[in-house]
Amino acid sequence: MQRIFIVLVVVIATFVSATAQTNNKLVAASVARGKTIYLQRCMVCHQADGGGVPKLNAPLDASSTVNGSDISKLVKYIVKGLNDRIEIDGEFYANAMPAANDLKDQQIADVLTFIRNNWSNKAGPITLTQVKQIRSKLK
Ligand code: HEC
């Protein structure tokens, strides 16, 4: 009985670890694809170090929104752009962010997963399913 239990625990542990590894690989692939999009579409304003440009372009590194749980906000910014001159972590930014509505759902998931997992940011990945759901509700 005890032996069966041990075998069972080992089997479950192996399965859980394999699933976690597959998941890590998927996130790493998404980050890599997202980086390419970032370099082409975002870096000009948000800079290579994610620090933005003071008073012009908001930083993405250490941003509470980028690292936050309100994913719909992030997807909306990419799809619709952002020109609200809102206060972001205590600062205002004069530039306007253009919409990147030509990006596919997967590309949006990738670029957001990249900015949430680069520089000092350590937030969860954003999935294709999440982007699809949020985008379909945006007018
Ligand atoms: C032309 C410059 C420009 C480009 C290109 C640009 N952004 Fe922005 N971004 C801004 C500005 C300016 C703001 C702040 C807008 C405001 O205050 O209304 C901003 C805000 C943001 C925010 C919100 C930050 C926060 O802390 O709330 C995110 C997220 C973001 N951008 C991501 C991206 C991503 C990802 C791309 C590439 C797909 C991108 N931006 C391309 C200028 C740009």
Side-chain angles (χ1 to χ4, degrees):
M1 188 61 200
Q2 205 181 2
R3 230 186 241 170
I4 292 176
F5 180 73
I6 291 170
V7 168
L8 208 65
V9 167
V10 170
V11 168
I12 291 171
T14 310
F15 180 75
V16 168
S17 141
T19 310
Q21 273 176 22
T22 310
N23 200 31
N24 284 346
K25 274 189 196 154
L26 289 177
V27 173
S30 178
V31 167
R33 290 190 303 265
K35 181 175 185 175
T36 306
I37 299 163
Y38 183 83
L39 297 179
Q40 292 167 350
R41 303 289 297 264
C42 324
M43 192 180 76
V44 63
C45 290
H46 292 289
Q47 306 297 299
D49 66 358
V53 178
K55 305 213 187 308
L56 269 185
N57 302 316
L60 304 181
D61 185 24
S63 148
S64 58
T65 301
V66 173
N67 287 284
S69 55
D70 189 355
I71 292 168
S72 55
K73 214 175 182 178
L74 294 173
V75 173
K76 186 177 165 200
Y77 289 170
I78 306 295
V79 173
K80 298 279 181 187
L82 183 63
N83 189 19
D84 291 348
R85 312 283 156 85
I86 44 169
E87 190 173 345
I88 297 175
D89 291 329
E91 285 290 339
F92 289 89
Y93 298 93
N95 232 343
M97 173 164 151
N101 201 20
D102 59 306
L103 291 180
K104 296 191 173 73
D105 294 345
Q106 182 68 61
Q107 291 178 305
I108 293 177
D110 291 341
V111 78
L112 290 177
T113 298
F114 169 76
I115 64 170
R116 281 162 67 88
N117 288 281
N118 199 42
W119 314 299
S120 69
N121 296 345
K122 284 181 184 61
I126 292 183
T127 64
L128 173 63
T129 314
Q130 287 172 316
V131 173
K132 270 203 168 89
Q133 255 171 16
I134 295 162
R135 196 177 199 177
S136 69
K137 287 187 197 129
L138 288 173
K139 276 176 236 128

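These numbers come from a predicted model, not from an experiment.
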For L8, the other hydrophobic cluster members (4.5 Å side-chain criterion, sorted by chain and number) are I12, V16
Query - same_hphob_cluster(L112, L138) at 4.5 Å side-chain heavy-atom cutoff - result: yes
Residue set satisfying side chain to side chain donor-acceptor pair (under 3.5 Å) with S30, at least two apart, ordered chain then number -> D110
Side chain to side chain donor-acceptor pair (under 3.5 Å) filter on S136, not counting sequence neighbours, yields none
Sorted by chain and residue number, the side-chain contact (heavy atoms from CB on, under 4.5 Å) partners of T65 (sequence neighbours excluded) come out as S63, K73, L74, Y77
Here the gap from D102 atom CG to I108 atom CD1, rounded to the nearest 0.5 Å, amounts to 8.5 Å
In short, ring pair (Phe, Tyr, Trp, His ring centres under 6.0 Å) pairs touching residues 79-98 with sequence neighbours left out are none
Residue pairs meeting side-chain hydrogen bond (donor to acceptor under 3.5 Å, both in side chains), one or both in residues 10-27, sequence neighbours left out, come to none
What pairs of donor and acceptor atoms, side-chain ones from residues 51-59 against any protein atom, are under 3.5 angstrom apart with sequence neighbours left out?
unit_1	atom_1	unit_2	atom_2	d
N57	OD1	N95	ND2	2.9
N57	ND2	C45	O	3.3

Anything under 30° is parallel, anything over 60° is perpendicular, the rest tilted; go ahead and classify W119 against F114. perpendicular
Pairs under 3.5 angstrom only: tabulate donor-acceptor contacts from the side chains of residues 120-128 to other protein residues two or more places apart or in another chain.
unit_1	atom_1	unit_2	atom_2	d
S120	OG	D61	OD1	2.7
N121	OD1	A62	N	2.8
N121	OD1	N67	ND2	2.9
N121	ND2	L60	O	3.0
N121	ND2	I115	O	2.8
T127	OG1	Q130	N	3.2
T127	OG1	Q130	OE1	3.3

Contacts of D84 meeting side chain to side chain donor-acceptor pair (under 3.5 Å) (sequence neighbours excluded), chain-then-number -> none
So the salt bridge (charged side-chain N to carboxylate O under 4.0 Å, His left out) pairs with at least one residue in residues 125-137 (sequence neighbours excluded) are D105-R135
**Cluster link L82 to M43, ILVMFWY, side chain under 4.5 Å** = yes
Side-chain touch V31/K35, heavy atoms, less than 4.5 angstrom: no
Going by chain and number, the hydrophobic cluster around V7 (ILVMFWY, side chain to side chain under 4.5 Å) further includes V11
I86, CD1: over 12 other non-hydrogen atoms inside 6.0 angstrom = yes
When rounded to the nearest 0.5 Å, the distance separating NZ of K76 from CG of D70 is 10.0 Å
Contacts of N83 meeting side chain to side chain donor-acceptor pair (under 3.5 Å) (sequence neighbours excluded), chain-then-number -> R85
